[in-house]
Amino acid sequence: MASSSPATLNFVRMALRILRVIFIAGFLGAVGAAGYVIYNLLHDLPSLEALDELRFTATSTFYTRDGTPIADVGTVEDGRAIARQLVRLSDVSPAAVVAVVVSEDQRFFRHYGVDFIRLFGGLYYTLRGDVQGGSSITTQVVKNTLLKNLAGERSGLAGLERKLKEFPLAIQLERRYSKEEILEMYFNVVPWGGNAQGIWAASQAYFGKDPSRLSLAEGAYLAVLIPAPNTRYLDLKATRKRMHILLNNMVVDGWVSRSEADAAWKQPLVPRGWEAQYDTSGNLLKAKLVDPQARIMPDLNIRSARYFVLEVQRYLKEKLGADKLRAEGGLRVYTTLDLKMQAAAERAVTGRKLPDGAQLALVGLDPASGEVYAMVGARPGTDPGAEFNRATQAWRSPGSAIKPFTYGTALEAGWTQASTVLDAPFEYPTPQGVWRPKNFDNTYLNRAVTIRYAFDRSLNLPAIRTLEAIGVGRLGDKLKAAGFRITNNLPVLANAIGGGADITPLGLAAAYSSFVNGGYWVEPQLVLRVEDSKGRVVYQPEPKKVLLWSPQVAYQVWDMLKGYVYDVPPGFRSSLAADAKIPGRIVGGKTGTSQDAVDLWFAGATRGLVATLWVGRDDHKPQRMNGVEPSSSIVNPIIWHDFVEEALRGRPAGDFPQPSGLISSGMDLLTGDPTSSGGVQALFPSSQTQRQQAAIQDTPPAPSYVASVGPAVASTPVYQTVAIDQQTGCLAGPDTPTDRVVWLQVAANRVSQYACNGN
């Protein structure tokens, strides 16, 4: 064959040169384009300063006053509810730490942020169909924090951008932080399936325990879940195989001994939602996923004191805002709850015989500070998902439990415990018709009795007459200041016995505190302080108090409340609250039964505690017990007693301190006459020296106007305390201005002489 002509050879050489130029140009263009793309992807790398400022959303935890956790409140991240609690590395069991490190990044302590061996190994196993994480622990921290917006990208330009940014950031991270600090970050940010973020949530979700208590077996299980937690959770058998490989690797690398690995393998591991059986060698014999949702952490995980926790959550949303509690989270909320008292409250209301269809609420608080120690918001067995808290949301008629405020207002006006008032029926015209109030038992004495006797027997008619004498406006103002709601904001005579007024069980406890703490209404306190994840106090409520009474008036009411428990009126065998007595303690309190027994109450106090118990139906229907209308005196005091006795066991007893300006004197309970024996000891203002003077008089003094009310001073005839309008000389009416009212003590058979002007 003829050799190629010089022209042909020149053409070939020229073509090769052109191709070489084109190739080089293409290569350089490709490199340039790639460089341009990489530059655009990497030129805006996040600064590690952002990591220092990063605030992880986290679950908030509620604690009792002594630091026992009682609830976890989930948080919202990127519009999704998650569970996460930030922990220190020291809060995680060493076995779990080692298992995760060996499983996720075996050379973590030897590389500088990027493990190329693991990277290519992960790619190899993934191509074979077994998902393996190729990222190092350091790059995973970067992915789940600084590159969180790209964390879900695995392909395309976004996936390339994430990978390219991970490597330089990981190297920077290794230069800035220690391995232990990086590992701690990792344990707080890695997703573990479901709504669990971080080791704390994973430990709770899969095993219901804190991460400090994880065993080697449990740690190995959680470790092998990480690359694909939602998939691997559904296949316990395959996950066990991965655990076996991991445990062997841990032995080979010298992290655990063979015996420790064997013991972990033989542990009968049953994650939440699974039923499983093992043989003694650790082989899985049977496994069944019975509840795939069992590992999902509840939005609000309540461990104890459900209704108290719900109330704290409502309170914090009001005070801090929903964003602070839910979107940011990570708060440590130290509450006022006393776990021992809460347990006592729950035991006291369990298994009790109550009226048909009745619900209940029980509250105990410190009368000095208002700190709530215990709260039961529903009868045991109530729908566990229900959130209506009867202790704080049920506004109900207090019945006769309001009478301490009626008589306290009279004492404030100058009456004493020996002041007398008529126990007899009467009629009172109202826009709705004639009102004919009655005593609870439909009987009356038809004579004047002391207000202490009327209080001891919870008589309605004397209470109403007392209010008529002192003025409804005066009591109305007192009730509103004490937290009661007045119907239509209009005080009426029925307020004297609980009509036209309502209050919650928690509110009544706060109001009763005023009788034993020097005269102050105290705002109930649920929270001691709120700290952020770094222990800084971000909220601390300021206690609020309102002066209702002078210390002397308050303590006289307390004296009457004690009398309600311990006095035995003539003709009776015991008090109406005898079941509230606690051996070794001084107790005072008052029952309350609203009309038709719709509401049953007992509110009382002893040193260190004020407690209220309400029993009633949610539908406000009259209650029946064994077919008859029950009285609060046979239902409430014994339950109250059982709670308070157990709640205060081992704590100081004794009485509340008595203020100066009061004297104790014997009096006849029915008439108020001074007596040295056979009556009761009652407290009086020191200025009431006329009691001692009257005790030696043979005949009653002539009726006279007095600036303040004194006691009835004679046994025959019966004397009655009446209010007189100085301007008219007639009996004062409900609308008579208080500055025109004076008090007169006259024989009962002469009261009618002052009934003029229609009064």
Side-chain angles (χ1 to χ4, degrees), residues 64-65 68 70 302-311 335-355 357-367 371-382 384 386 389-392 394 396 401 504-506 508-510 512-513 524 561 565 576-593 599-617 623 625 630-651 653:
T64 62
R65 61 191 305 111
T68 303
I70 53 174
I302 300 177
R303 309 181 193 187
S304 59
R306 172 178 176 76
Y307 288 95
F308 178 84
V309 168
L310 292 172
E311 195 61 32
T335 73
T336 60
L337 190 77
D338 183 298
L339 209 53
K340 176 187 173 184
M341 291 194 183
Q342 179 66 26
E346 292 173 0
R347 279 192 286 270
V349 301
T350 300
R352 310 309 295 234
K353 182 171 177 55
L354 300 177
Q359 268 290 351
L360 58 74
L362 177 62
V363 174
L365 57 76
D366 179 353
E371 293 175 7
V372 178
Y373 289 144
M375 178 184 292
V376 176
R379 184 176 185 173
T382 301
N389 187 347
R390 292 152 189 84
T392 61
R396 308 295 292 238
T504 66
L506 180 61
L508 192 61
Y512 265 61
S513 294
L561 287 166
V565 175
L576 291 173
D579 286 337
K581 296 178 183 177
I582 300 174
R585 294 194 176 276
I586 297 172
V587 170
K590 182 69 182 74
T591 58
T593 304
D599 302 284
L600 306 178
W601 295 85
F602 186 76
T606 188
R607 180 180 174 183
L609 190 66
V610 170
T612 55
L613 172 69
W614 167 83
V615 175
R617 293 173 60 102
Q623 297 185 89
M625 197 169 181
S631 164
S632 56
S633 62
I634 65 172
V635 176
N636 297 57
I638 187 61
I639 301 175
W640 185 93
H641 160 279
D642 290 352
F643 161 55
V644 174
E645 182 178 44
E646 183 180 349
L648 294 178
R649 187 168 290 130
R651 305 195 185 200

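For clarity, every value in this text was computed on a predicted model and none was experimentally measured.
Remark: I70 CD1 to I302 CD1 distance equals 9.0 Å, nearest 0.5 Å.
The nearest pair of heavy atoms linking A653 to G584 is CB-O, 3.3 Å. Closest non-hydrogen pair, P583 versus E645, comes out as CD-OE2, 4.1 Å. Minimum heavy-atom separation, P355 to V615: CD-CG1, 4.0 Å. Considering all non-hydrogen atoms of both residues, L648 and M341 come closest at CD2-CE, 3.8 Å. Nearest heavy-atom pair across A577 and P637 is CA-CG, 4.5 Å. The minimum heavy-atom distance between L365 and A510, with the atom names listed, is CD2-N, 4.1 Å.
Using a 4.5 Å heavy-atom threshold, the side chains of L600 and W614 count as separate. Considering only heavy atoms from C-beta on, T504 stays 4.5 Å or farther from R396 through its side chain. By the 4.5 Å heavy-atom criterion applied to side chains, V635 and M625 are counted as neighbours. For the pair L609/V644, a side-chain contact is recorded, criterion being any heavy-atom separation below 4.5 Å from C-beta on.
Between the side chains of N636 and W601, no donor-acceptor pair is found at a separation under 3.5 Å.
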Begin from the C-alpha positions of R379 and L354 and carry the test side chain to side chain contact (heavy atoms under 4.5 Å, CB included) through to its verdict. CA-CA 10 Å; R379 184 176 185 173; L354 300 177; 3.6 Å; yes
With side chain to side chain contact (heavy atoms under 4.5 Å, CB included) as the test, would you mind laying out the steps for N389 and L310 before giving the verdict? CA-CA 8 Å; N389 187 347; L310 292 172; 5.7 Å; no
Side chain to side chain contact (heavy atoms under 4.5 Å, CB included) for T392 and Y307? Distances and angles first, verdict last. CA-CA 9 Å; T392 61; Y307 288 95; over 6 Å; no
Would Q623 and R617 count as a side chain to side chain contact (heavy atoms under 4.5 Å, CB included) here? Give the steps. CA-CA 7 Å; Q623 297 185 89; R617 293 173 60 102; 4.1 Å; yes
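Judged as a side-chain contact (heavy atoms from CB on, under 4.5 Å), and not counting sequence neighbours, the contacts of E346 are Q342, V376. For R607, the side-chain contact (heavy atoms from CB on, under 4.5 Å) partners are P652, not counting sequence neighbours. For Y373, the side chain to side chain donor-acceptor pair (under 3.5 Å) partners two or more places apart in sequence, or in a different chain, are D366. With sequence neighbours left out, S632 forms a side chain to side chain donor-acceptor pair (under 3.5 Å) with T593. Scored by the side-chain contact (heavy atoms from CB on, under 4.5 Å) test, A344 finds F643, E646, A647 as partners (sequence neighbours excluded). Every residue meeting the ring pair (Phe, Tyr, Trp, His ring centres under 6.0 Å) condition with F602, not counting sequence neighbours, appears here in chain and number order: W640. By the salt bridge (Lys or Arg N to Asp or Glu O under 4.0 Å) test, R352 is found to be paired with D642, residues two or more places apart in sequence or in another chain being considered. For R306, the salt bridge (Lys or Arg N to Asp or Glu O under 4.0 Å) test picks out no residue, with sequence neighbours left out. Every residue meeting the salt bridge (Lys or Arg N to Asp or Glu O under 4.0 Å) condition with E371, not counting sequence neighbours, appears here in chain and number order: R65. Residues that satisfy the side-chain contact (heavy atoms from CB on, under 4.5 Å) test with S633, not counting sequence neighbours, are L576, T591, S631. In this structure S304 satisfies the side chain to side chain donor-acceptor pair (under 3.5 Å) test with no other residue, sequence neighbours excluded.
Using modelled atom types, one side-chain atom of R390 and one backbone atom of G377 make a donor-acceptor pair closer than 3.5 Å. T336 places a side-chain N or O within donor-acceptor distance of the main-chain N or O of V372, the cut-off being under 3.5 Å.
Listed by first then second residue, pairs satisfying salt bridge (Lys or Arg N to Asp or Glu O under 4.0 Å) with a partner in residues 576-585 number zero, not counting sequence neighbours.
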